[in-house]
Every structure is written in structure tokens, then in C-alpha cells.
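Since the structure comes first, as C-alpha cells, the remarks are kept for the end.
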Amino acid sequence: MLSEAIYLDFNKLEFETYLTEFGFLYIEIDEAVIKFKKWSSKKSVSSSLINFPSKNYILPEPLGVTLIISAWNYPYQLALAPAIASLAAGNTVIIKPSEVAIHSSNALKKIISENFDANHLAVIEGGVEETTKLIHSKFDKIFFTGSTQVGKIVYKAAAENLIPVTLELGGKSPAILTEDCHLKRSIQRLVWGKFLNAGQTCVAPDYVLVHQSLKKDFLKGIEEKIKLRKYSIENQNFTKIVSVKHTQRLVNLLENQEVIFGGNYHIENRDFEPTLVLNPTWESPIMQEEIFGTVLPILFYENFNDAIQQIKTKEKPLAAYLFTENSKYKDQFLNEFSFGGGCVNEVIMHLVNGNFGFGGVGSSGIGAYHGYEGFKTFSHFKSILEKPTFFEIPLRYSAYSANKLIWIKRFVNWSKYF
Ligand code: NAD
């Protein structure tokens with residue numbers, strides 16, 4: 001039922017659905033089932049001299065009733081991965097899936113209502129009106145995945161009730177190819193990551209900056225790779241754009257652009273061929289808006305430092321990718337440029353490591369999840385100091401004296417050795 005629904009929404013192949021939805025979720029479920037007892041156990045920490053003798057520990061507790069609002073592009077993964085984390089932390093969960101992938105939203109509602117107690121895990125479907133009501137209600141936590149624009153609305157509404165919020169947002173994630181990169185491998189991985197789910201991936205490479213010296217070989221190589229994958233609007237095995245409106249938005253982005261490959265689309269059928277756009281200006285809509293589709297702008301640079309300085313002037317992206325064999329470039333990219341997370345010589349796959357938190361920075365998000373980071377996101381950690389009653393150092397009690405102050409200062413000074 002879930003696969004069929006996603007096929008109706010996206011025409012998505014079972015292979016891709018397994019890879020990006022179910023496979024990912026099975027890993028998250030297994031990890032939570034195996035580790036949640038360890039995650040939720042009391043953790044002892046060392047005491048301080050000033051509090052001698054005492055036991056000190058951190059006690060995780062659930063936040064309470066949590067709301068998960070999700071985006072449409074991976075309708076199950078984005079709704080259920082945070083739900084797994086929230087349930088593992090002991091909360092109850094209400095999921096509000098996106099109304100845009102309507103078949104998947106319906107299927108999620110059906111399968112959850114048939115298998116879970118609604119007081120524990122429930123789905124409320126709907127669009128702006130229903131979500132607006134929910135975000136003005138008194139939840140103990142709101143976890144939102146979606147656009148930066150709507151993220152601000154959610155953040156503002158949650159602030160009225162001082163509800164803690166995690167925002168998993170988007171942005172324009174760059175990929176950079178340096179002159180010494182492994183060109184064949186770089187193109188192979190770039191094409192896979194860009195056109196996976198027809199480009200409707202929050203961490204897809206949004207645009208690519210290529211060193212000038214690679215121009216001819218890069219353009220030849222990327223066109224060959226796209227042709228090899230048989231991506232075209234005649235290929236009915238290619239994932240569709242989610243709606244007519246979203247397809248039209250991509251068409252609009254091509255206005256006044258130099259399309260050097262692809263560019264064919266069928267708006268009513270929601271088909272849009274992988275399309276390469278050459279040298280758009282930074283001011284054009286295609287370089288301002290998150291593309292979230294099958295269009296890849298290609299820009300060339302001469303100097304790596306200039307390329308880094310250029311992308312640093314933009315909002316901090318959710319992801320960034322560098323293809324290089326040069327450690328100097330790698331160091332500069334990692335140390336000077338702020339982004340949510342990313343890869344060197346790879347794209348997207350940093351998501352598939354439960355030891356990494358996944359989230360943005362700046363306008364691409366607040367907070368993180370996946371694996372233990374997800375558990376932390378949905379927990380409160382109580383700090384507890386437990387003291388025995390058989391012993392007392394009476395220094396802190398009045399009557400205060402000069403002698404007591406000397407001893408307090410000594411304790412403060414000695415604390416650093418403990
Ligand atoms: P969206 O912001 O339009 O919608 C997200 C959710 O908010 C939906 O459930 C929708 O019903 C609700 N919503 C929409 N408008 C609203 C409003 N005015 N008031 C209250 N609720 C509203 O985003 P989208 O189009 O579903 O998803 C695309 C965006 O999500 C892209 O920017 C993408 O990068 C981002 N995204 C981020 C991640 C991540 O993990 N960081 C994952 C997937 C998608």
C-alpha cells in the first residue's frame with residue numbers, strides 16, 4: 001500500500017523507494033530498538049570538589065506530546081524518522097504529513113490508524129489551515145521539515161507558547177569540482193545525487209561550480225552520463241515532479257537561461273527532463289531560489305578562493321559537496337565555509353550514518369536528528385545532584401567570616417584539579 005501510494009504521487013520506482021524511504025527507515029528503527037534502553041538510561045558524570053561528596057547524573061525524560069510536520073518529497077522518511085526518534089524517547093506523536101503528496105499522506109494515515117493507539121501515535125492530515133491550528137496549540141515539541149519561509153511561520157507560532165522547535169529546512173546546496181578532482185567519479189556521483197527523486201531532495205546538489213580547465217571534459221562527461229542513465233521524458237521509469245504547479249515553477253526558472261542539454265518537459269504529465277543550464281547570473285531566479293527539481297546550473301570559476309568567497313556571501317546551505325584530491329582545497333572548504341553537513345568526493349550519503357546528526361545551520365535549520373541525535377532532540381536531560389546526609393562541610397552557611405572566605409577561595413582554586 002505504501003509503495004503503491006508513492007508510485008501514484010511520483011511514479012517512483014520500487015528500487016528508489018526502497019533506497020530512500022523504507023531502507024533508511026529500517027536502519028533508524030533497528031538502531032532505536034537496539035539502543036533506546038542505553039540512550040534513555042541514567043548517565044553518571046563526575047562530581048565537583050565543591051559538591052563533595054555527591055553522586056551526579058543526567059536523567060533523560062520524554063518531552064510529552066510532540067508534533068511532527070513534514071514535507072512531501074520523501075513522505076514516509078520525513079514523517080517517520082522523527083516519529084521513531086520521538087517514540088524511542090518516550091513521547092506521544094502526532095504527524096501532520098504534507099498534503100502535496102496526497103496518496104502517500106492518505107496511506108500513512110491509514111496504516112498508522114489501523115496499527116497504533118491514537119493516543120500514542122496518530123496522523124492528522126491537512127494543509128495550511130489545519131497546520132496553522134496545530135502550530136498554535138500547546139504541544140511540548142514541534143519538529144518541522146519544510147521550506148525556510150514556512151519554518152519562520154512555525155517558529156513564530158511556537159514562540160507564543162514557548163514550545164521548543166526543531167527546523168529542518170532547505171537552501172541552495174553547492175557542489176564544487178576542483179581542477180584535480182577525479183572527474184569521471186565526480187560526475188557519476190553528482191548526476192546520481194542531483195537526479196535522485198527527480199531532484200526533489202533537500203540535500204541534492206543545487207548547482208555546480210567547476211574549475212574552468214575542466215569545462216570541455218565536464219560538459220561532455222555529464223551529458224554522456226545523463227544519456228547513459230536513460231533519463232528522458234519518454235522514460236516512464238523516471239520519477240515525476242510532484243505537481244503541475246511545481247513543474248510550472250521549474251519551467252519558469254528556465255526563462256532567459258542558456259539551456260545546453262535537456263530542457264524538455266510535459267507540464268500536465270509532471271515530467272521534466274534532466275536539464276543543464278550554463279552560466280546563469282547569481283542574480284537570476286534560478287540562482288536565488290532552491291531548485292528542487294531536475295535543473296542543474298553549471299558555473300565555471302578560475303580561482304578556488306574566489307569560488308569559496310562567492311558561496312560564502314549566500315545563506316548557509318543545508319549541504320555542500322567538494323570533489324577534490326587536494327587537501328589544501330579540502331581544508332579551506334571545511335574550515336571557512338559554514339553549512340549543515342556534507343561530503344568530500346560524494347553527495348547525499350552523509351545522511352546514512354546514524355552517528356551523524358542531520359540538520360542545517362543558519363537559514364537551513366535549527367537542531368538535528370537521526371540516530372542518537374534524534375533521541376536527544378525529543379528528550380529533556382535532567383541534571384541531578386544527590387547528596388548523602390551523613391557528612392557536611394559547613395563553609396557556605398552563615399555566619400560568614402573572613403576565614404570561611406579564604407577556604408571558599410581555596411576550594412574554587414583547587415576545583416580545576418578535580
Ligand atoms: P513547505 O514549507 O511548503 O511545507 C512543509 C509543511 O508545512 C507541509 O506539511 C505543509 O502542509 C505545511 N505548510 C505549508 N504552508 C504552510 C503555512 N503557510 N502555514 C503552516 N503550515 C504550512 O515545504 P515543502 O514544499 O513541503 O518541502 C520543500 C522544502 O522542504 C524545501 O525547501 C526542502 O529543501 C525542504 N526540505 C528539507 C528537509 C530537511 O531535512 N532539512 C527535507 C525535505 C525537504
Side-chain angles (χ1 to χ4, degrees), residues 9-10 20-21 24 28 67-83 85 94-102 104-106 108-109 123-137 139 142-158 160 165-173 193-194 196-206 241-243 245-247 249-250 288-293 315-320 339-342 348 350-352 356-370 373-374 377:
D9 283 327
F10 296 96
T20 59
E21 297 269 12
F24 180 87
E28 285 283 307
L67 171 65
I68 293 166
I69 304 168
S70 53
W72 49 262
N73 55 319
Y74 291 103
Y76 305 138
Q77 190 209 119
L78 298 174
L80 294 177
I94 290 178
I95 296 174
K96 209 302 290 174
S98 170
E99 73 285 16
V100 176
I102 191 65
S104 308
S105 171
N106 293 168
L108 200 59
K109 164 116 187 158
V123 173
I124 295 180
E125 293 190 271
V128 177
E129 194 186 323
E130 292 79 3
T131 318
T132 304
K133 271 190 204 146
L134 286 169
I135 58 178
H136 288 280
S137 310
F139 284 93
I142 299 180
F143 184 102
F144 171 82
T145 303
S147 61
T148 302
Q149 190 196 352
V150 179
K152 288 179 187 172
I153 298 173
V154 172
Y155 204 22
K156 206 170 163 183
E160 287 167 15
V165 176
T166 298
L167 300 174
E168 295 283 337
L169 310 176
K172 287 183 84 64
S173 303
K194 176 68 190 182
L196 180 76
N197 206 33
Q200 302 164 117
T201 303
C202 56
V203 286
D206 188 276
I241 304 301
V242 72
S243 74
K245 189 174 130 203
H246 288 79
T247 318
R249 188 183 65 82
L250 290 178
Q288 297 284 324
E289 256 179 61
E290 181 180 355
I291 294 173
F292 224 55
E315 295 288 4
K316 295 176 183 180
L318 183 59
F339 53 91
I348 296 179
H350 59 295
L351 252 84
V352 199
F356 285 158
F358 172 66
V361 56
S363 71
S364 57
I366 298 174
Y369 73 130
H370 291 181
E373 286 303 315
T377 286

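Positions are given from 1 along the sequence. Just follow the structure's listing: the first ligand is 1, and inside any ligand the first atom is 1.
By heavy-atom distance, the residue among H370, K96, Q77, E290 lying nearest atom 32 (O) of ligand 1 is E290. Comparing heavy-atom distances from atom 37 (C) of ligand 1 across L351, L169, V203, V242 singles out L169 as nearest. Selection from G146, A81, A71 by nearest heavy atom to atom 35 (C) of ligand 1 gives G146. The option from V150, T132, I153, T201 that lies nearest to atom 14 (C) of ligand 1, judged by heavy atoms, is V150.
When only non-hydrogen protein atoms are considered, atom 36 (N) of ligand 1 lies nearest to C202 CB, 3.5 Å. What sits closest to atom 40 (O) of ligand 1 on the protein, heavy atoms only, is F358 CE2, 3.2 Å. Atom 7 (O) of ligand 1 has its closest protein heavy atom at F144 CE1, 3.4 Å. Here the heavy atom of the protein found nearest to atom 5 (C) of ligand 1 is T145 O, 3.6 Å. Protein heavy atom closest to atom 28 (C) of ligand 1, with residue, atom name and distance, is F292 CE2, 3.7 Å. Of the protein's non-hydrogen atoms, the one nearest atom 23 (O) of ligand 1 is S147 N, 3.4 Å.
No part of Y74 comes within 4.0 Å of ligand 1, judged by heavy-atom distances. If you look at Q149 next to ligand 1, there are no close heavy atoms at all, none under 4.0 Å. Heavy atoms of L78 found under 4.0 angstrom from ligand 1 belong exclusively to the side chain. Counting heavy atoms under 4.0 Å from ligand 1, residue S364 does not touch it at all. At a 4.0 Å heavy-atom cut-off, ligand 1 touches L318 through the side chain alone.
Considering backbone and side-chain atoms together, T148 places no N or O closer than 3.5 Å to any N or O of ligand 1. Residue-to-ligand polar distances keep Y369 apart from ligand 1: every N/O pair is separated by 3.5 Å or more. For ligand 1, the polar-atom distance check against H246 finds no nitrogen or oxygen pair separated by under 3.5 Å.
Those atoms of ligand 1 with a heavy atom of I69 less than 4.0 angstrom away are 6 (C), 7 (O), 9 (O). Every atom of ligand 1 is numbered from 1 in the order shown, and the set under 4.0 Å from a heavy atom of V128 is 15 (N), 16 (C), 17 (C), 18 (N), 19 (N). Taking every non-hydrogen atom of E99 and a distance limit under 4.0 Å, the qualifying atoms of ligand 1 come out as 10 (C), 11 (O). Every atom of ligand 1 is numbered from 1 in the order shown, and the set under 4.0 Å from a heavy atom of W72 is 24 (P), 25 (O), 26 (O), 27 (O). Atoms of ligand 1 found under 4.0 Å from any heavy atom of N73 (numbered from 1 in listed order, with element): 43 (C), 44 (C). Those atoms of ligand 1 with a heavy atom of G170 less than 4.0 angstrom away are 32 (O), 34 (O).
Ion pairing of E315 with K172 is absent here, as no side-chain N (NZ or NE/NH1/NH2) approaches a carboxylate O to less than 4.0 Å.
Formation of a donor-acceptor pair under 3.5 Å by the D206 side chain with backbone atoms of I291 is found in this model. Side-chain atoms of S173 come within 3.5 Å of backbone atoms of A319 as a donor-acceptor pair (strictly under, hydrogens ignored). Under a 3.5 Å cut-off, the side chain of N197 and the backbone N or O of N73 do form a donor-acceptor pair. Under a 3.5 Å cut-off, the side chain of S364 and the backbone N or O of G340 do not form any donor-acceptor pair. Of the possible polar contacts, none joining the E373 side chain to the H370 backbone as a donor-acceptor pair under 3.5 Å is found.
The side-chain contact (heavy atoms from CB on, under 4.5 Å) test applied to T166 returns K141, F143, E168, T377, not counting sequence neighbours.
The shortest separation from a heavy atom of V100 to ligand 1 is not under 4.0 Å, leaving the residue out of contact. Under a 4.0 angstrom heavy-atom cut-off, S70 registers as being in contact with ligand 1.
In terms of heavy-atom proximity, L80 sits nearest to L108 at CD1-CD1, 3.9 Å. Taking all atoms of both residues into account, the shortest heavy-atom contact from K109 to V123 is NZ-O, 3.1 Å. Closest non-hydrogen pair, A79 versus I68, comes out as O-CG2, 3.9 Å.
Just one residue in the list S243, S105, S104 forms a side-chain hydrogen bond (donor to acceptor under 3.5 Å, both in side chains) with D9, and that residue is S104.
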inquiry  = Let's go through W72 and Q200 carefully: what are the C-alpha distance in whole Å and the side-chain angles of both, what is the deciding distance for side chain to side chain contact (heavy atoms under 4.5 Å, CB included) to 0.1 Å, and is it a yes or a no?
reply    = CA-CA 9 Å; W72 49 262; Q200 302 164 117; 3.4 Å; yes
task = Walk me through it: do I366 and Y155 pass the test side chain to side chain contact (heavy atoms under 4.5 Å, CB included)?
result = CA-CA 10 Å; I366 298 174; Y155 204 22; 3.7 Å; yes
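Proximity of F144 to V150: side-chain heavy atoms (C-beta onward) are separated by under 4.5 Å at one or more points.
Enclosure of atom CD in E160 by more than 12 non-hydrogen atoms of other residues, nucleotides or ligands within 6.0 angstrom is indicated.
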